[in-house]
Amino acid sequence: MKVLIVGSGGREHAIASSVAKSSKVDKIYCAPGNAGIGQIAECVPIGAMEFDKLTAFAKENSIDLTIVGMDDPLVGGLVDVMEAEGLRVFGPRKNAAILEGSKAFSKELMKKYNIPTAAYETFDDPKKAAEYLKTAKMPIVLKADGLALGKGVLICNNLDEALDGVKSIMEDKKFGDAGSRMVIEEFMTGREVSVLSFVDGKTIKIMSSAQDHKRAKDGDKGPNTGGMGTFSPSPFYTDEVDAFCKKYIYQATVDAMVAEGRPFKGVIFFGLMLTEKGPRVLEYNARFGDPEAQVVLPRMKNDIIEVVEACIDGTLDKIDLQFEDNAAVCVVLASDGYPISYEKGYPIGGLEAFENNNGCYCFHAGTKLDNGRIVTNGGRVLGVTATGATLKEARANAYKATEWVSFDNKYMRSDIGKAIDEA
Ligand code: AMP
Ligand code: GLY
């Protein structure tokens with residue numbers, strides 16, 4: 001069969017490399033893709049938001065299955081547009097992708113269906129938000145309602161910071177229209193865990209857990225980024241946590257979406273915080289995490305096409321989802337200065353070292369081909385993933401592999417997976 005993947009990051013490279021392992025697949029296309037994806041798929045120069053062009057391409061090239069990796073096209077309704085033309089697509093429709101697209105929606109859903117999350121209020125008037133903050137307990141968390149590249153969340157330590165935050169989100173529109181509405185929520189503390197799942201509308205199957213490192217600098221300092229590295233599984237995701245989430249969070253979310261007339265098919269990503277009072281949902285995403293996909297998918301034993309097709313067909317209950325009994329660590333190699341300002345266009349050396357290294361992967365995020373050479377083309381450039389029998393072994397292998405790669409202004413955190421030493 002012919003598969004089209006929509007997106008251009010490390011996540012899409014990880015998806016493409018799982019798809020490439022499937023015996024069912026003859027040809028992979030990726031729109032728009034990147035230089036690394038181009039080594040296993042044919043990249044087509046169509047942007048992820050060019051719905052009409054993507055649909056026309058899929059029809060003209062008899063694509064059997066489209067997998068949408070990115071949040072923007074999902075929230076914008078690409079699945080609906082393609083389905084209306086009779087195409088088979090993996091991902092939630094627009095009315096279900098709102099689970100990620102609107103924090104006000106997801107908070108309301110959790111409140112209505114008693115899914116454990118932080119207490120909150122929603123505001124569309126900055127004056128009312130400011131009034132509320134004057135009596136609120138600090139620190140407090142401000143969230144722009146809409147999509148903001150994972151950066152629309154401000155943690156404010158005092159009233160002055162919170163009032164400035166309201167101004168920057170709702171008046172200065174720092175995150176654009178995403179900030180027309182805002183959620184203000186209780187500050188929680190605890191470890192964070194990312195749990196990805198496959199959902200077919202009614203059945204949910206949980207993937208192996210992962211943990212992300214969102215801040216740019218070592219020791220969880222510096223600005224929030226899309227993610228600087230991940231490990232899987234999380235040793236903090238215990239059987240007890242799993243049992244709690246199965247009872248109160250996972251199926252409850254899927255059922256709530258059905259009850260709202262918005263059945264969800266695709267990947268639900270649960271951003272959890274393990275608080276003293278038990279697991280709480282920080283956020284939902286309607287897609288694989290990036291870089292979570294880069295540690296979770298290489299450990300998945302199933303043929304990804306069989307799982308994805310079961311989600312589309314509503315037969316996920318027949319699938320026995322299985323993961324290797326090993327561990328994986330991904331270290332993101334970024335351009336120094338990310339996420340604020342950075343340079344692009346530097347040649348990348350050493351990539352050939354990954355060709356025959358079983359258990360080591362180099363997923364491309366911001367790269368492109370320039371006159372036959374692979375050059376840096378973004379803030380997050382590469383995700384270097386290694387597996388190992390244990391998390392410590394995987395971490396050592398991943399850091400060793402980061403040394404194989406060279407480019408000007410190469411930057412990475414040196415403490416990805418350090419938390420596992422405390423487990
Ligand atoms: P989100 O995009 O909602 O996952 O938020 C981004 C990051 O902000 C999370 O990964 C947490 O580190 C932090 N965060 C979000 N909500 C809260 C909260 N209620 N309390 C503490 N930290 C939070
Ligand atoms: N790594 C977090 C995300 O994909 O949103």
Side-chain angles (χ1 to χ4, degrees), residues 7 9-12 14-15 69-72 74-75 97 99-107 110 116-121 136-157 162 165 169 175 178-179 182-196 207 209-216 220-232 234 267-277 279-297 330-332 334 339 363 365 379-380 383 385 413 416 419:
R11 166 183 46 217
E12 285 73 27
I15 295 171
M70 286 172 74
D71 45 2
D72 282 326
L74 290 169
V75 170
L99 194 58
E100 169 165 9
S102 168
K103 297 216 187 265
F105 171 85
S106 67
K107 295 296 292 189
M110 288 187 265
T117 187
Y120 78 101
E121 296 287 337
K137 195 163 152 253
M138 299 291 150
I140 199 149
V141 185
L142 311 186
K143 298 186 174 185
D145 178 48
L147 290 184
L149 294 170
K151 293 168 198 140
V153 174
L154 302 178
I155 297 184
C156 305
N157 291 307
I169 292 177
F175 307 111
M182 198 176 76
V183 166
I184 301 186
E185 72 175 37
E186 169 200 6
F187 175 76
M188 303 186 294
T189 51
R191 281 192 193 277
E192 288 183 40
V193 183
S194 301
V195 177
L196 313 183
M207 297 182 227
S209 62
Q211 187 171 323
D212 190 10
H213 297 67
K214 286 209 164 99
R215 303 291 203 98
D220 292 328
K221 304 260 166 32
N224 261 327
T225 69
M228 294 300 294
T230 37
F231 57 86
S232 171
S234 164
V267 170
I268 300 183
F269 166 149
F270 298 84
L272 303 174
M273 186 175 267
L274 310 181
T275 74
E276 272 182 355
K277 293 184 201 149
R280 299 284 181 269
V281 178
L282 280 174
E283 64 162 347
Y284 293 114
N285 294 312
R287 49 165 175 88
F288 288 102
D290 191 357
E292 284 87 343
Q294 301 179 46
V295 283
V296 172
L297 288 179
C330 170
V331 179
V332 169
F363 296 120
R380 290 191 290 179
T385 294
R413 276 182 61 163
I416 301 301

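As the structure lists them, so they are numbered: ligands from 1, and atoms in each ligand from 1.
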R280 side chain to T275 backbone, donor-acceptor under 3.5 Å: no
F288 ring center within less than 6.0 Å of F269 ring center: no
Side chain or backbone of H213 under 4.0 Å from ligand 2, or both, or neither, by non-hydrogen atoms? neither
Counting from 1 in the order shown, the ligand 1 atoms closer than 4.0 Å to a non-hydrogen atom of E185 are 16 (N), 17 (C), 18 (C), 19 (N)
Ligand 2 to R287, heavy atom cutoff 4.0 Å, flagged ligand atoms 3 (C), 4 (O), 5 (O)
For E292, atoms of ligand 2 separated by under 4.0 Å from a heavy atom: 1 (N), 2 (C), 4 (O)
Contact between K103 and ligand 1, counting heavy atoms under 4.0 Å? yes
Note: N285, heavy atoms under 4.0 Å from ligand 2, region reported as side chain
Atom indices of ligand 2, in the order listed, that fall short of 4.0 Å to a heavy atom of D212: 1 (N), 2 (C)
What atoms of ligand 2 come closer than 4.0 angstrom to any heavy atom of G226? 1 (N), 2 (C)
Relative to the heavy atoms of G289, which atoms of ligand 2 are at a distance of less than 4.0 Å? 4 (O)
Heavy-atom contacts with F187 under 4.0 Å: which atoms of ligand 1 show up? List them by number with element. 20 (N), 21 (C)
How about L142 and V153: do any of their side-chain heavy atoms sit closer than 4.5 Å? no
Between OG1 on residue T225 and CZ on residue R380, distance to nearest 0.5 Å: 6.0 Å
Is D220 salt-bridged to R413, going by a charged N under 4.0 Å from an acidic O? yes
Give the contacting part of R11 toward ligand 2: side chain, backbone, both or neither, where contact means a heavy-atom distance below 4.0 Å. neither
